[in-house]
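Being a predicted model, the structure only gives us computed values, none of them experimental. Protein chains get the first letters and strands the later ones, always in sequence-line order, with residue 1 at the start of each.
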There are 2 protein chains.
Amino acid sequence: MTVHPDMHGEVAGRLAALEQRYTTTRRAVVETLSRAGRPVTIPEILSSTPLLPQSSAYRTLAVLIEAGVARRVTGDGDHGRFELAEELSGHHHHLVCEVCGTVDDVPPSTRLERALDEAARAAAEDQGYTVTGHRFDLVGRCPTCR
Amino acid sequence: MTVHPDMHGEVAGRLAALEQRYTTTRRAVVETLSRAGRPVTIPEILSSTPLLPQSSAYRTLAVLIEAGVARRVTGDGDHGRFELAEELSGHHHHLVCEVCGTVDDVPPSTRLERALDEAARAAAEDQGYTVTGHRFDLVGRCPTCR
DNA sequence: CTTTCTGCAAACGATTTGCAGCAGC
DNA sequence: GCTGCTGCAAATCGTTTGCAGAAAG
């Protein structure tokens, strides 16, 4: 799910805007997030990036989030889950397995997006909210836990 | 937002099914969740239930969740948020304030639900998931944080 | 060179839990 | 009266942070 044509360049730019360097460690984490194609936990990041200390993983993610490169998504389990920002990975939704907690990405349908936007507008008007985005997760059982 | 006609009776029944008693403390927490009409944090529960120790609040909620009376919803902030199960409060969605983290309930529209269900079906087929439900949160700014 | 990063280990803070006494049935 | 529930305080565990040496530009 590599939607952005020059991901690393874009990341470097966003980091530079905050006077942050695009180091080897950071590149490795971005690479991991990109390859995963779904929100991953810290333990998962650590196992796919040998020699990376846990504290560096957390710190790197904090920076990436600050730079708008990554974001933390709601985890049902113990660990938080992280993924690339939608500007880099493309807008999508999640399939959450209620048994094992795994989260997969799912592309949005045009019709669904239209309905979601409409709902957002209606809700905003009703309760005085200014809606800036939405989260839509499908909950169920993954093929493994079926 | 009291949708269930005999909430306490229903709660008592669900607890009884697990050989759990519907004690004063538990009733107080259920009452608090019901009155809030939106997902609340432990600190909020404690302040609206004087004399309730923190550990009892957590323990009570664990039991209520086990009994299918309450559920934990994804919090963006530090604390988790809890609400009554949808069988008791009715199906609804959330308005999440990205500034203060407050979460309000919002009733679903028929049209939106239809689109969501359709998306669920499509996604389930595509990726081998069995979809049992969904979560739809609108993110924005509440009237206070506007 | 100078400034920012990284690793380590200690600190934090939300949530959980062992144990002894209290309440529900 | 039993059995389960509650309070207290201590333990857990994911996450954050201070500090000194390493790497980036």
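- Taking atom CZ of residue B/Arg72 and atom C1' of nucleotide C/dT16, one finds them 11 Å apart after rounding to whole Å.
- Separating the CZ atom of B/Arg26 from the P atom of D/dG4 is a distance of 11 Å, rounded to the nearest angstrom.
- The residue among A/Thr23 and B/Phe82 whose nearest nucleotide of DNA chain C is located toward the 5' end is A/Thr23.
- Between the side chains of A/Thr32 and A/Thr49, at least one donor N or O lies within less than 3.5 Å of an accepting N or O.
- Rounded to an integer number of Å, the gap from A/Arg27 CZ to D/dA23 P is 17 Å.
- The distance between atom CG of A/Leu18 and atom C1' of C/dT3, rounded to the nearest whole Å, is 16 Å.
- Contact check on A/Arg14 versus A/Glu66 returns no salt bridge, with no Lys/Arg side-chain nitrogen under 4.0 Å from an Asp/Glu carboxylate oxygen.
- Along DNA chain C, the nucleotide nearest to B/Asp78 and the one nearest to B/Thr24 differ in position, and the one closer to the 5' end is contacted by B/Asp78.
- Mapping B/Ser55 and B/Glu19 onto DNA chain D by nearest heavy atom places B/Glu19 at the nucleotide closer to the 5' end.
- Summarising the geometry, the separation between CD1 on B/Ile42 and C1' on C/dT16 is reported as 12 Å, rounded to the nearest angstrom.
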**OP:** Verify salt bridge (charged side-chain N to carboxylate O under 4.0 Å, His left out) between B/Arg38 and B/Glu83, making sure each step is shown before the conclusion.
**Re:** CA-CA 7 Å; B/Arg38 63 186 181 79; B/Glu83 68 177 4; over 6 Å; no
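- Distance, B/His79 NE2 to C/dG13 C1': 8 Å, rounded to whole Å.
- A/Arg27 CZ: more than 12 foreign heavy atoms inside a 6.0 Å radius.
- B/Tyr58 places its OH atom 17 Å from the P atom of D/dT6, with the value rounded to the nearest Å.
- Taking 3.5 Å as the limit, the base of C/dG7 and the side chain of A/Arg59 contain a donor-acceptor pair of atoms between them.
- The neighbour count for B/Leu51 CG, taken as heavy atoms of other residues, nucleotides or ligands under 6.0 Å away, does not exceed 12.
- When the C1' atom of D/dC5 is taken as reference, atom CD of B/Gln20 falls 9 Å away, rounded to whole Å.
- When distances run from any side-chain atom of B/Pro53 to the nucleotides D/dG7, C/dT16, D/dT15, the shortest one goes to D/dG7.
- Taking the side chain of A/Arg21 as heavy atoms from C-beta on, and the options D/dG25, C/dT15, D/dC5, the nearest nucleotide is D/dG25.
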